[in-house]
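Here's the structure we're looking at; comments come further down.
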2 protein chains.
Amino acid sequence: MSKGVNLKELSQRLNLSQTTVSRALNGYPEVSAETRRRVAEMADRLGYAPNSQARRLATGRSMAIGHVIPRSIHEMMNPIFLEFIAGAGETYSRHGYDMTLTVVDDTHEEDAYRQIASRKKADGVIIHSPANEERRHLLLRELNLPFVVHGRIPGAEAETTWVDMKNRRAFERATNLLLDLGHTRIALLNGLEHMDFAHRRRRGFEDALAARGLAPDPALMRRADMTEPYGCENAMAMLGSDNPPTAFLVSSMISAIGVARAVGQCGLKVGKDVSIITHDDALSFLPNCGEVPIFTCTRSSVRYAGEKAAELLLAMIADPTAKPSSLHMDAELIIGQSTGPAPSPGPGKAAS
Amino acid sequence: MSKGVNLKELSQRLNLSQTTVSRALNGYPEVSAETRRRVAEMADRLGYAPNSQARRLATGRSMAIGHVIPRSIHEMMNPIFLEFIAGAGETYSRHGYDMTLTVVDDTHEEDAYRQIASRKKADGVIIHSPANEERRHLLLRELNLPFVVHGRIPGAEAETTWVDMKNRRAFERATNLLLDLGHTRIALLNGLEHMDFAHRRRRGFEDALAARGLAPDPALMRRADMTEPYGCENAMAMLGSDNPPTAFLVSSMISAIGVARAVGQCGLKVGKDVSIITHDDALSFLPNCGEVPIFTCTRSSVRYAGEKAAELLLAMIADPTAKPSSLHMDAELIIGQSTGPAPSPGPGKAAS
DNA sequence: GCGGCCATCCAAACCGCTTTGGATTTCGCT
DNA sequence: AGCGAAATCCAAAGCGGTTTGGATGGCCGC
């Protein structure tokens, strides 16, 4: 635990060559057990730790994974992004990799990737929240930089490695649940639909309606950044209209909380007068659990997705020739307190 | 924009030495204008970019700032942390620094710092959310690793560089506002008080009460992770008690939303029957603005704090001999829709 | 005409590690 | 004994930059 010796000093103290010491520490076989022991002991007596820059230079691997976040992402995806990062970070550190974040404004995103590639700042990157017409994967391919996608790139599913949940399926099931409860006027508060995930969710919603011969009502569909006020304002407007929805399908817990606030402000009860189903990314600061969760939801842990995406990326780096393999996760459909049978339509309904 | 040449190849193509090329590119004076031009031109024709590992090794500076997040932090501070990071990240990239995150479980936090120091992974670090009895700064001092604190370390204010808001003052003012509105039963939903910021906030609350000769009621004080359910459940319990509060002072928007939900569920109106003041970290996904913000709040941008903390750290690295200099920011007190005069006490009050 | 001073440029050392290509010793086996 | 294989270990060559300590040549002043 002293100041910090380097390999040279360490090897001198041991009367061994740098080669042998290096090999002993890195677990190569051509060194005797006894020597290895001596080396290990001296190494930690002197508090030796290899300089990572030197090691990286020598091995040609930067032992880091890059995440570039354009401002547009982190404006809205904030909490989800961090949760993903937290999951990925664990995997990285377990494998001795570092994680570097680059915050850039949207116009410099491409530059950021080029820099990572040309200056060898990372061995691979993660693509976050792919859009409908995505181009980053083409650039990365050209730069020869391994990557995995959190989400899917439409049209490139087969040739890329990705981790995603079944967005369409989840919202289809959620919609069916509402339909089964008798709701027919269902509002959709979606995320920005130029993002792939939101696009798929809408399809799930529409498919479920169509399967029962219902057409979606454009007046009940919104798309935007998934903030709390977004949920509240739109729900308020819809509930105030003359043909209000009896149920909401919401793309994020945060907006769902806003919807719940609106419902309360209208003097209605969530789960009784108005049903809400939300997607739940299992964010740690927005727990939706307990005996009966507050919100009925489709749940899929973003954190877990981060862990898995990281594993796939590291595997890809370790063996660049391997075929792309992806992870397609089902969301859980969890019944909470926010759903109930559709209220009977007739006005002036009697009690009980 | 070709594959990627290195300095050697570049210098050969130019019939110059590596020395000269390196100097030309790094802006040293001992190279003629003409040569510099030629070098620059060829460099970008061949798409030359210096290998960062090599440069780091040669210069001995890692050009990176480390952030280590123990699991305990990111469980609860999630969104705030990311917002800070986003601010800091901008500063870093503007100065050519990288940002590396290390996610560790609490027991390995110290190891993480030791590794950063001994393997030279970063030139400095940021200490996040200091506790009441904090020890990280001692370790970092011992490791000789420059750092700045986001928040303050009690007892070490003078000898460390930090960026913090005036927590005590903010909550004192907020409490005074409520008192001025006639509220006397004010509940405090605080963050975990083993953290310095929460501790200060409570003092602000208590000081304001004391100044008017009021004693805080322990039944109206809570401390915990600032989740949404935390706000809701506790507000619910307090509002259901036989001597309920008429106002809430909350440490985080997220919990405040929970409080608002509870108020609604009790059939009461926020800003009329019950007042709420929250601290607002100006998180981008929880906007609390508009003509009249939803919540009356004390606001201080965490993002800005991140930018500033990063600047201080980089300055400190550039000149290690400089005296510690800190940034102590005032929070804005912003009147929103969630506060109003205390309702008249008498039960069975007549209308209007 | 000559020493001195800039202005330019370069060869080589160095940063701290990994890895190649032997050298040396030991040992089993015929 | 003799020999090849196996076990250990090492000197030195990278990795791709930066930086030190000169070289070289032109120009000025005396």
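Protein chains get the first letters and strands the later ones, always in sequence-line order, with residue 1 at the start of each.
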At a cut-off of 3.5 Å, list every protein nitrogen or oxygen paired with a nitrogen or oxygen from nucleotides 19-22 of chain D, distance to 0.1 Å.
residue, atom, partner, partner atom, Å
D/dT19, OP2, B/Y28, OH, 2.9
D/dT19, O4, B/T19, OG1, 3.0

| task | Enumerate the residue pairs fulfilling salt bridge (Lys or Arg N to Asp or Glu O under 4.0 Å) with a member in residues 49-59 of chain A, sequence neighbours excluded, ordered by first and then second residue. | result |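 Sorted result for residues 49-59 of chain A: A/R56-A/D98.
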| said: Listing request: all salt bridge (Lys or Arg N to Asp or Glu O under 4.0 Å) pairs with a residue in residues 18-42 of chain B, at least two apart in sequence or in separate chains. | reply: B/E34-B/R37, B/R37-B/E41
| message | Can you list everything that forms a salt bridge (charged side-chain N to carboxylate O under 4.0 Å, His left out) with B/D123? Sequence neighbours excluded, please. | response | none
| Test salt bridge (charged side-chain N to carboxylate O under 4.0 Å, His left out) applied to B/E307 - qualifying residues, sequence neighbours left out |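 Per chain and number, B/E307 pairs via salt bridge (charged side-chain N to carboxylate O under 4.0 Å, His left out) with no residue.
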| query | Partners of A/M316 by side chain to side chain contact (heavy atoms under 4.5 Å, CB included), sequence neighbours excluded? | reply | A/P146, A/T161, A/L313
| field | Partner residues of A/Q12 under the side chain to side chain contact (heavy atoms under 4.5 Å, CB included) criterion, sequence neighbours left out | value |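 For A/Q12, the residues satisfying side chain to side chain contact (heavy atoms under 4.5 Å, CB included) (neighbours in sequence not counted) are A/K8.
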| request: Take the C1' atoms of the five end pairs on each side of the helix from C/dG1-D/dC30 to C/dT30-D/dA1, get both axes, and report the angle to 10 degrees. | output: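 Terminal axis comparison yields 60°.
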| message | Strictly below 4.0 Å, N to O, side chains only: are B/E110 and B/R136 in salt-bridge contact? | response | no
| So, are A/R303 and A/E90 salt-bridged, with charged N and O less than 4.0 Å apart? | yes
| remark: 5'-most contact on DNA chain C (nearest-nucleotide basis), A/Q53 vs B/R36, goes to B/R36
| query | What pairs with A/H328 under ring-ring contact (aromatic ring centres under 6.0 Å, His included), at least two apart in sequence or on another chain? | reply | A/W162
| message | Near DNA chain D, counting only heavy atoms under 4.0 Å, which residues of residues 7-17 of chain A show up? | response | A/N15, A/L16, A/S17
May I have the distance from [X] (atom [atom1]) to [N] (atom [atom2]), rounded to whole angstrom?
X: A/Y48; N: C/dC17; atom1: OH; atom2: C1'; result: 7 Å
X: A/K121; N: D/dG17; atom1: NZ; atom2: P; result: 14 Å
X: A/N6; N: C/dC14; atom1: CG; atom2: P; result: 14 Å
X: B/R61; N: C/dG16; atom1: CZ; atom2: C1'; result: 18 Å
X: A/E30; N: D/dC10; atom1: CD; atom2: P; result: 13 Å
X: B/L57; N: C/dC14; atom1: CG; atom2: C1'; result: 9 Å
X: B/N51; N: C/dC15; atom1: CG; atom2: C1'; result: 13 Å

| message | Run the side-chain hydrogen bond (donor to acceptor under 3.5 Å, both in side chains) test against A/D196 and tell me which residues pass, sequence neighbours left out. | response |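 With neighbours one apart ignored, the set is A/R200.
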| Which sits closer to the 5' end of DNA chain D, B/P50 or A/V21, going by the nucleotide each is nearest to? |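 Here A/V21 is the residue nearer the 5' end.
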| OP1, OP2 of C/dC9 versus side-chain N and O of B/T35: anything below 4.0 Å? |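 For B/T35, the contact criterion (side-chain N or O under 4.0 Å from OP1 or OP2 of C/dC9) is met.
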| Please, which pairs that meet ring-ring contact (aromatic ring centres under 6.0 Å, His included) have at least one residue in residues 90-112 of chain B, sequence neighbours excluded? |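 Qualifying pairs, neighbours excluded: B/H67-B/Y92.
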